[in-house]
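Since we're looking at a predicted model, the values are computed, not measured. For the single chain, residues carry numbers from 1 onward in sequence order.
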Amino acid sequence: MIKKIQAIRGMNDTLPSQTAIWQKLESLLRQVVSSYGYSEIRMPIVERTELFKRAIGEVTDVVEKEMYTFIDRNGESLTLRPEGTASCVRAGNEHGLLYNQERRMWYCGAMFRHERPQKGRYRQFHQFGIETFGIATPDIDAEIILLSARLWKLLGIEERVELHINSLGSNATREVYKDALSKFLMQHESVLDDDSKRRMLTNPLRVLDSKNPAVQAVLVNAPKLSAYYDQPSIEHFEQLQTYLQASGVKFIVNEGLVRGLDYYNRTVFEWVTTSLGSQGTICAGGRYDGLVEQLGGKATPAVGFAMGLERIVLILDALTLSSDIKSDVDIYTVLVGDKTELAGFKMAELIRSELPQLKVMHHCGAGNFKKQMKRADKSGARLALIIAGSELEDGTVTIKDLEGKTQQKTIMMEELITVLTQIFYKK
């Protein structure tokens, strides 16, 4: 027997029974960003490896451990994108979209990281991202946070998520703080785990993110990043909080919050939830004013976020909210007897032309009446439209309510569109 080929571990299929919730989520995302005036950008899945090394940082976990990198036939090192911000900045620089301009852009698509698959964290995953350019003031930081908060409300999960915010200060003060933190950690090296010892020298801010209780106990006495803020960073962070408070968005100032990518400065934030068991991040972002210049463009202020769609879908499933989202069809055609197939085929096309919002599943493959009605029920359709020998002769069609809410009736074919309009669109 020939061995079946299976999907790569951590790269999952989304089956027809699961796609309705994805489509609903993606539709809401498009609705929200459109209401804020954002434009879509689509970037390639594969980029030059150098892009992510320069943008994310060579000593980050993403670059060191998680990227899918390969040498192509031309001997060039290429990488499946592990995140979207670097690609968006590269595209903006390449096509002249950023310098002396304001841009509000969004993207949605697959990302790739080689890490141990677990619930809500996969090797191929999907992110929705917002990137804004050319605005240095904290009102745009607040706007993208409000945009994400609006999505949680539309999804009905606003009570299940919590906003954490912090400031990393300016790039200059952040470097001073990293030096002070590194010196502090060296004094407690014997207590640190191997990861923290490595990060202590390469990226000490990442130690603040450690989940090791012993490390966290040491960090209680570590120097605070807020003590190193310059005045513009203090004012920026205070104004951000004022905007959020005025908008009714609750938040927690979390001084231990840092982002794992090197390009962040000033505002950083995360939306976290406990609906997936232990606390998990479903959306995170912040300001990265130096990245455009770091990738070869002119100095441009920027702020954005990314959210993991798999985790949001898991929350909706856990709260059984996805059960209200169906992919059912509206109408199923049932055709019984000789010569009804052509009449049914034409009827289905007529409905699709006149009432394009309706989902019509046309029965194909023949079969007796009982078999077809079973398929109609299984499809989840609200109505079955039946053409048998008598209907074909009389030029009529029988409407059967599969939900049992109204009586079955037979009408003339020329009345069909009017009757369907009344059933589906008139209250």
Are [X] and [Y] within salt-bridge range, i.e. N to O under 4.0 Å?
X    : Y    : value
E50  : R48  : no
R42  : E40  : yes
R352 : E349 : yes
R123 : E115 : no
D141 : R287 : yes

Rounded distance [0.5 Å steps], [atom1] in [X] versus [atom2] in [Y]:
X    : Y    : atom1 : atom2 : result
I41  : C108 : CD1   : SG    : 14.0 Å
R160 : L155 : CZ    : CG    : 13.5 Å
Q101 : T300 : CD    : OG1   : 9.0 Å
L257 : I165 : CG    : CD1   : 9.5 Å
E143 : L147 : CD    : CG    : 7.0 Å
K24  : L316 : NZ    : CG    : 11.0 Å

Could you tell me if [Y] and [X] have a donor-acceptor pair between their side chains, going purely by distance under 3.5 Å?
X    : Y    : value
N265 : D289 : yes
E162 : H164 : yes
R150 : Y36  : yes
D193 : S196 : yes
T421 : T418 : no

Quick one: are [X] and [Y] in side-chain contact, heavy atoms under 4.5 Å?
X    : Y    : value
L385 : I399 : yes
N166 : F269 : no
V46  : T79  : no
Y243 : P138 : yes
I145 : W271 : yes
C88  : M105 : yes
F237 : T242 : no
V360 : M347 : no

- Compute the ring centroids of F345 and H362, then answer whether they are less than 6.0 Å apart.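 Yes - the distance between ring centres of F345 and H362 falls below the 6.0 Å cut-off.
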Check for a donor-acceptor pair, side chain of [X] on one end and backbone N or O of [Y] on the other, with a separation under 3.5 Å.
X    : Y    : answer
E26  : L29  : no
Q372 : G367 : yes
Y177 : P223 : yes
S379 : A381 : yes
T132 : R103 : no
Y425 : L420 : no
N74  : E76  : no
Q18  : L15  : yes

With sequence neighbours left out, write down each residue that passes ring-ring contact (aromatic ring centres under 6.0 Å, His included) with [X], or none if nothing qualifies.
X    : result
F305 : none
H188 : F184
F424 : none

- Chi angles and distances behind the side-chain hydrogen bond (donor to acceptor under 3.5 Å, both in side chains) call for D230, T173: CA-CA 7 Å; D230 55 15; T173 57; 4.6 Å; no
- Query: Does the pair I312 and W22 meet the rule for a side-chain contact (heavy atoms from CB on, under 4.5 Å), with working shown?
  - Reply: CA-CA 10 Å; I312 298 173; W22 281 86; over 6 Å; no
- Item | salt bridge (charged side-chain N to carboxylate O under 4.0 Å, His left out) partners for D377, two or more places apart | none
- Message: According to salt bridge (charged side-chain N to carboxylate O under 4.0 Å, His left out), who are the partners of E175, at least two apart in sequence or on a separate chain?
- Response: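 Expected list: K178.
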- Message: Please evaluate residues S167 and R266 with respect to the criterion side-chain hydrogen bond (donor to acceptor under 3.5 Å, both in side chains), reporting the C-alpha separation (whole Å), side-chain torsions for both, the decisive distance (0.1 Å), and the verdict.
- Response: CA-CA 5 Å; S167 175; R266 289 193 176 167; over 6 Å; no
Less than 3.5 Å apart, which donor and acceptor atoms pair up between the side chains of residues 124-131 and the rest of the protein, not counting sequence neighbours?
| residue | atom | partner | partner atom | Å |
| --- | --- | --- | --- | --- |
| H126 | ND1 | E310 | OE2 | 2.8 |
| E131 | OE1 | Y288 | OH | 2.5 |
| E131 | OE2 | T85 | OG1 | 2.7 |
| E131 | OE2 | Y107 | OH | 2.7 |

- Query: Taking all non-hydrogen atoms of both residues, which atom of K197 and which atom of L192 are closest, and how far apart?
  - Reply: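 K197 and L192 have their closest heavy atoms at CE-O, 3.2 Å.
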